[in-house]
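See below for the structure under consideration.
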Amino acid sequence: MSDVALAAGGAVRPVTTETRAVRRALVAAAVVFLALFLVLPLAAVFAEAFRAGLAGYLAAIREPDALAAIRLTLLVAAIACPANLVFGLAAAWAVAKFEFRGKSLLVTLIDLPFSISPVISGLVYVLLFGAQGLLGPWLKAHGIEIIFAVPGIVLATIFVTLPFVARELIPLMQEQGSGDEEAALSLGAGGWKVFFLVTLPNVKWALLYGVLLCNARAMGEFGAVSVVSGHIRSLTNTMPLQVEILYNEYNFAAAFAVASLLAGLALVTLVLKSVLEWRYGHALSAAGRH
Amino acid sequence: MQIRIQNLRKDFAATAALRDVSLEVRSGELIALLGPSGSGKTTLLRLIAGLERPTHGRIFFGEEDASSLSVQERNVGFVFQHYALFRHMSVLDNIGFGLRVRPRARRPSRNAIRARALELLDLVQLSGLEERFPSQLSGGQRQRVALARALAIEPRVLLLDEPFGALDAKVRKDLRRWLRDIHDRTGHTTVFVTHDQDEALELADRVVVMSNGRIDQVGTADEIYEQPASPAVFSFIGESSVLPVQVKRGWIYLDDRALDLRVDCPDGPAELYLRPHDIDVVESHAGAIPGIVSAVRRQGGIRRLELETGARRTRVEVAIPADQTRSFAGRVSLRPRRWRVYPLNGGGLQSGGDQAGA
């Protein structure tokens, strides 16, 4: 009897559901916020970039300094990503499969670049490798340039992007344990075969995910790179630095044209990241989201 | 392949997981390592496989000293509790893995590997599932694939670590029978670890009962059950009740009452071990164990009485056929048909009897 009465009343809703008005207000607030802080600026970047038309856009990007910045950015990412892939794999392997002294210290240290301001990371390298730095005189004597040169930019970028791959892999590999590896060993596989046939395939999607995030950050890093770069046009300017220089020169169209490339990269990364999460979510399950 | 284990010891950091264990497994035998968790049974299995290195002691496969061989060189088939199937490989690739990773000189051709894998898949009764991935199989199917994968390398010995531990009761029973069947057909020397005594007693030729990193007893199911070597084995295998008693000149005393149970062990405090179904409820008489019924429960084909006996009101359980319908309440008398006495400080001395007083 009471069931019938309730159903007829029609006003029954689950306890966790709010009234329609509250729901609409919450959704509206989220949408407005998103539009104001994300969509609008993103649209502005592209609108500004194409203000002088497609021809102006292409001209701004084909400008030699801009091309040099793009090339340098690609080069830095091409070095930083593999370096962090190797480091991330090695660190995750060590943390997940072995017990050793200082393990928790290592895990904490891996997160250091996330908690420290990128400007500080850049400064540390200046203090270490700069002309007045700790190793400066020695480097100068041997004719090795690091600060205000490409090696410094690469080092700073590697430092800033260090945690991405390792942080993705450590929880996953810890969760998977070493059962699969032991099985492969008992079946007669040697160390390298175990790694390439069992360990690597087990973490490949998480690895790709980590590298993707690492790449996005490597290309977009400003603070650390800005400190060690010296802003020498067509030599030590990466794309984010080039954007700043152009902007400071009131060359807005060119600044936004280069910025639109970075924004485009961000969008592509976002799509790939979503695809990975959607398609291989189960394989990434233990990995922490960012 | 005969396995001989000599004075094996394994320490993890400061704790000893295995203390001075020696054991001989006969060729073609199916043997169970049985014990509670922390008894060292899995450690012993992993030492035989080479997945752990012993702190001390040796392991022989036949005449060969396998102690210094690596896991790969030992050529053992190992089946893990959680299957450890390679999730990114099909069932067929999983089974063929051990053959595919062999060095070129000893590696069979691609077709031969496939044929062998299909043959093993047939042996474990999973034909038709070769293209499936592990995630598409049930637990029981996964464990059968894992066994096929272990058999593919033609192992010298087959080692199984709680192979049915993660499966539900029904599947477990089926797989148990099926494993015995496979063993009888392939004839591999097989060692498996379990904490399930039914599994061990039903499946194995001989059972190794372990506790605290030591072997308590090695024997057939009958020997383990009928002549437990220690109180630990008695109470671990099957159900038991324990009564504190005194031995005086060969007679057992409960409090001040002489029971008509004779034993052949020195005077002093001792423990009387009884199994619920080895006790009769009898007419009251001088040599019986007096008890007060505190609860009666029906359990399938038996009726279970809970009693309190003696001055210390020790709990004793008695199982009698359910068709005995006389009412059990208040004071009753018990007479054990089978029992064992272990002196409290006699260091392994023991005595037991059937139909005492007969």
Side-chain angles (χ1 to χ4, degrees), chain A residues 85 89 92-93 95-104 168-169 171-211 275-287, chain B residues 12-13 42 45-46 48-52 69-89 93-104 106-107 113 117 133-135 142 145-162 166:
Chain A
L85 187 151
L89 258 177
W93 173 278
V95 168
K97 315 277 176 184
F98 301 102
E99 288 303 321
F100 55 89
R101 238 175 230 272
K103 185 160 142 174
S104 52
E168 215 53 56
L169 291 185
L172 181 64
M173 286 172 90
Q174 271 179 331
E175 188 200 66
Q176 289 180 347
S178 5
D180 285 12
E181 278 80 6
E182 286 183 345
L185 286 172
S186 78
L187 291 166
W192 287 111
K193 276 187 176 155
V194 172
F195 179 75
F196 283 109
L197 296 178
V198 176
T199 308
L200 204 54
N202 273 348
V203 299
K204 66 184 168 196
W205 296 116
L207 188 66
L208 191 61
Y209 189 91
V211 169
V275 168
L276 275 180
E277 280 169 3
W278 169 71
R279 177 73 184 76
Y280 301 103
H282 59 280
L284 301 165
S285 59
Chain B
F12 288 114
T42 294
L45 194 77
R46 290 172 61 85
I48 298 173
L51 290 170
E52 307 280 354
L69 297 182
S70 69
V71 201
Q72 294 97 330
E73 290 166 328
R74 286 192 199 191
N75 195 33
V76 295
F78 202 101
V79 176
F80 295 81
Q81 180 179 2
H82 297 289
Y83 330 122
L85 293 179
F86 307 128
R87 66 204 84 182
H88 58 281
M89 291 182 202
D93 285 345
N94 260 289
I95 299 176
F97 183 87
L99 300 176
R100 276 209 318 284
V101 297
R102 279 189 184 170
R104 199 164 303 240
R106 294 196 298 117
R107 192 189 308 159
I113 293 176
F133 282 86
S135 60
R142 285 182 210 188
V145 173
L147 183 68
R149 182 177 70 176
L151 289 173
I153 60 170
E154 279 152 44
R156 294 200 277 184
V157 298
L158 189 57
L159 308 170
L160 304 99
D161 185 11
E162 304 244 6

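Within every chain, numbering begins at 1; the chains are lettered A, B, ... in the order of the sequence lines, protein sequences first and strands thereafter.
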Answer with side chain, backbone, both or neither: which region of [X] has an atom nearer than 4.5 Å to a non-hydrogen atom of chain A?
X	value
B/L85	backbone
B/A150	backbone
B/R149	both

Checking side-chain contact (heavy atoms from CB on, under 4.5 Å) for the pair B/Q72/A/K193: CA distance, chi angles, key distance, verdict? CA-CA 12 Å; B/Q72 294 97 330; A/K193 276 187 176 155; over 6 Å; no
Over all heavy atoms of both residues, which pair between A/G179 and B/A84 is shortest? Give the atoms and the distance, please. O-CB, 3.7 Å
Atom of A/D180, atom of B/R87 and distance for their closest heavy-atom approach: OD2-NH2, 3.1 Å
Side-chain (B/H88) to main-chain (A/L197) donor-acceptor, under 3.5 angstrom: yes
Can you measure from CZ (B/R74) to CG (A/L185) and round to the nearest 0.5 angstrom? 12.5 Å
Can you tell me how far apart CZ (B/F86) and CG (A/N202) are? Round to the nearest 0.5 Å. 8.5 Å
So do the side chains of A/E182 and B/V71 get within less than 4.5 Å of each other, counting heavy atoms only? no
